[in-house]
Visitor: 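First, the structure itself, so that you have it in front of you.
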Amino acid sequence: MEVLEALATRKSVRGFEPTPVPREVLREVLQISSRAPSAVNSQPWEFFVLAGDVIENIKRGNIEKARSGTAPDPELRIGREASREGVAMGWPPDSVYRQRQVALAKQLFQLMEIPIGDNEKKMQWMERGLRFFDAPAAIVIVVDQSIVERVPLLDIGAVMQSICLAALSHGLGTCIEDQAAMYPQVMRDFAGIPESKRIVISIAIGYPDWDFPANKVDTAREAIDTITSWCGFD
Ligand SMILES: Cc1cc2nc3c(=O)[nH]c(=O)nc-3n(C[C@H](O)[C@H](O)[C@H](O)COP(=O)(O)O)c2cc1C
């Protein structure tokens, strides 16, 4: 698959076929993705690849935590979690960033036939996220705690996007998910992730079920000329 085609067609997949993804395919995805750039070639990423009983136990464990009312305790705080705590990475309530989040939620809820006030259906949708959207596999990206003071998010972002693009050439779909890592202890317990590693992000991965309504989401992008300043051009 051409790079431009991959960049243009990658989208978040939130419904998967149950077909397992062969270990060798996932290894190839990671192998090529590890060509991603990183500051001073530090390659701060490490991967835990989940499948089989391990991922199923994590799905169950996440749901149990949520249903028991346990407060999420993600090791990387972004978006809503961050803004709740006043952390710099959260987006202000009236901002365009928040508006884009709302637009995404509206589209997803419409496709999934979740009425605005239907908290039970909303909860079911949230639980799908905690279950890696029922993907048969997931890749968890961790960084060593020794570099945690400066979590190398730029490098992690580069390898994360590479994984999503490389997956496409194997017919795989992905959804980057902070949601599934909301209860990191569950992942640690079932996948054996040691305390010496910080869980940064997870990526649900599998063969897309293109009939699944949420996979029809078509997210908008800001017009490039409204976000770009051209300097030194005629
Ligand atoms: C850091 C990060 C965390 C994300 N976490 C979630 C998540 O927890 N649940 C989810 O459904 N999508 C998640 N996404 C996917 C975004 O919602 C998605 O990338 C965005 O809406 C753009 O849509 P697209 O990927 O289909 O182009 C995440 C994406 C990123 C980059």
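Throughout, numbering of the chain's residues begins at 1 and tracks the sequence. Small disclaimer: the values here were computed from a predicted structure and weren't measured. Order of listing sets the numbers, starting from 1, for every ligand and every atom in it.
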Visitor: Is it the case that over 12 heavy atoms from other parts of the model lie below 6.0 angstrom from the NZ atom of Lys11?
Guide: yes

Visitor: With nothing but distance in play, are any N or O atoms of Arg221 less than 3.5 Å from an N or O of ligand 1?
Guide: yes

Visitor: Of all the atoms in ligand 1, which lie at a distance below 4.0 Å from a heavy atom belonging to Leu104?
Guide: 17 (O), 21 (O)

Visitor: Backbone, side chain, both or neither: what part of Cys175 comes under 4.0 angstrom of ligand 1, heavy atoms only?
Guide: side chain

Visitor: Are Gln185 and Arg188 close enough that a side-chain donor and a side-chain acceptor fall under 3.5 Å?
Guide: no

Visitor: Considering Arg14, Met160, Gln161 one by one, which has a heavy atom nearer to atom 12 (N) of ligand 1 than any of the others?
Guide: Arg14

Visitor: Under 4.0 Å, heavy-atom basis, I'd like to know which part of Asp178 is in contact with ligand 1: side chain, backbone, both or neither.
Guide: both

Visitor: Please confirm whether Phe133 and Trp125 have ring centers closer than 6.0 angstrom.
Guide: yes

Visitor: Which bit of Ile176 gets closer than 4.0 Å to ligand 1, counting heavy atoms only: side chain, backbone, both or neither?
Guide: both

Visitor: Do Glu127 and Arg67 pass the salt bridge (charged side-chain N to carboxylate O under 4.0 Å, His left out) test, and can you show the C-alpha distance, the side-chain angles, and the key distance before you say yes or no?
Guide: CA-CA 9 Å; Glu127 289 192 355; Arg67 289 190 185 167; 2.7 Å; yes

Visitor: Rounded at 0.5 Å granularity, tell me how far CD in Gln145 sits from CD in Glu75.
Guide: 6.5 Å

Visitor: For Phe133, counting its heavy atoms only, list the atoms of ligand 1 lying under 4.0 Å from any of them.
Guide: 11 (O)

Visitor: Relative to the heavy atoms of Lys11, which atoms of ligand 1 are at a distance of less than 4.0 Å?
Guide: 26 (O)

Visitor: Roughly how far, to the nearest 0.5 Å, is the CE atom of Met182 from the CE atom of Met187?
Guide: 10.5 Å

